[in-house]
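Labels below follow one simple rule: chain letters A, B, ... track the order of the sequence lines, proteins then strands, and each chain is numbered from 1.
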Amino acid sequence: MELDSLYQEVILDHYRSPHHKGLSADKDIQVHHNNPSCGDEVTLNLSMKGGVVTDLTWDGVGCSISMASTSVMSDLLVGKDYKDAMNILVNFVELMQSKGQSVGDESILEDAVAFAGVSKFPARIKCALLGWMAFKDASSQVMQ
Amino acid sequence: MSTELSSCKKDFPIFERKVRGGNSLIYLDSGATSQKPNSVIEAESNFYRTVNAAVHRGAHLLAEEASEAYESAREKVAAFIGAISNEVIFTKSATESLNIIAYSFGNPDSRINIKAGDQIVVTEMEHHANLIPWQQLAKRTGAELRWLSVTADGRIDLTNLDQVITKKTKIVAITHQSNVLGSILPVETIVKASHAVGALVVLDACQSAPHFALDVKKLDIDFLAFSGHKTLGPTGIGVLWGKFDLLEKLEPSLFGGSMVDSVTMESATWAATPRKFEAGVPNMAQAVGLSAAIDYLNQIGMHNIAQHEQDLTSYLLKGIISISGVKVVGPVDMKDRGGVVSFTVDGVHPHDVGQVLDQYGIAVRTGHHCAWPLMRKLNLVGTTRASLYLYNSKSDVDSLLESIEKVKSYFKVSK
């Protein structure tokens, strides 16, 4: 079923048991992003040391795609330096914009390739990108 | 289901197409916009094919015929809501209608206007279109915005009506039927309380005018707005109605061609009501399309449409409340309620509910439905909303109910 390409098991697993969810007490910066059209919200706490992501926690309400994507992203980006993190982010954004034509580079995106199917559902791309855009905002502010 | 209504679906060409999964379209999103019958699509395109010209100007035959078609549409709309034609203003949308009223009331030159210290009353269940224009008017003028609350069962709380609507209240702007909850407001009670203190009542009829007969005189309201595109008509056409003597006292809020009586380099005076509120070349083909939509509705009969929707809504409510883990957000009884049914599925976000339903060809709306304050009040992130119209059938409702079970099993929340 077409739906299965959207809701991969990895996505449903992260939705039911999200990683890094629950905001840390310490952070360098906190950002809050939302999708006004659907009401999904993410608050993200980010700590970086020497240009490396040392801690990333988040909280939010939203659909399976937005919550799972933020969860997978957190796993992926903790421990990465800013340049690598941005490279992963750019790869993920390109995958989302691929209109179903890309399966994603697993060596870079790891579990996040599960979101490849989202690119066939234009209304859901902004869901998948919510947490990533929050990270982009937060990390660029820390790096300034 | 009456025979006229079961056969009307064939008048709507969109139902001939297939949607996701190769399914036939089951359209349960008429609260957002309605589908269009052939007669409306033809009326709009025939205007362009045969009489297109700028109305109210030009000395030629086409201009005369276009003006005639446009003014006939105004008469059609007036009869549809029990008004006289020079009280009907064409706008681009109901949103624009409500903004025009709010701007005109904010103009100190209007002979009825809002000043610092005045009160404007809305309800907690308003669509953003009947909330934000009033918020902004209050902000511009120093007036106070107040509101009637929503009860736990999705009705308007009238227990403090005389504390909310006071001698300082100048405008009471309310929805006729909630676009989220489906509840129909006790307009008569609110109008009485408003008029008793000299306040004027603005009714947002977007979810009522398309679905049941209404009469502005019987409702005893002062202003009304509804949209063409939710009423089987084209997009780009809305209606603003106001009592003639009130419209006469208001300054326009859009200025330009067509709306003037006389113009010098320093100043201008206005054309008669309603023309003074229609600046620029109007959406003529769309007004003509709306006129065809009203013909179509009248041919079926608003009473039959209302009865059909009542039957379907009752059937839908009965089915949906029996599904475990599904909660209806709004009244579950048929008293003062229309064909908009919002619901939540435990453990599944509305956007995901909508996505699975789409896989079965079922089009619903998900999210906050442009009523964010209501969602906050009800402590919800959003709902899934099925909204019914004349082309829907019991089999559409059956498909929805079956597919909600599929949503639950897909997300493994079956209980």
J.: Only pairs under 3.5 Å, no angle test: what donor-acceptor pairs are there between chain A and chain B?
T.:
from	atom 1	to	atom 2	distance (Å)
A/L3	O	B/Y410	OH	3.4
A/D4	OD1	B/Y410	OH	2.7
A/Y7	OH	B/D352	OD1	2.8
A/P36	O	B/H368	NE2	2.7
A/D40	OD1	B/H349	NE2	3.3
A/S64	N	B/D352	OD2	2.7
A/S64	OG	B/D352	OD1	2.7
A/S64	OG	B/D352	OD2	2.9
A/R124	NH1	B/Q355	OE1	2.6
A/R124	NH2	B/D352	OD1	2.9

J.: Quick one: what part of A/L3 sits under 4.5 Å from any heavy atom of chain B, side chain, backbone, both or neither?
T.: both
J.: So for B/V353, is it side chain, backbone, both, or neither that comes closer than 4.5 Å to the heavy atoms of chain A?
T.: neither
J.: Can you tell me if A/Q141 has over 12 outside heavy atoms packed within less than 6.0 Å of its CD?
T.: yes
J.: Decide if atom NZ of A/K80 counts as having more than 12 heavy atoms of other residues, nucleotides or ligands within a radius under 6.0 Å.
T.: yes
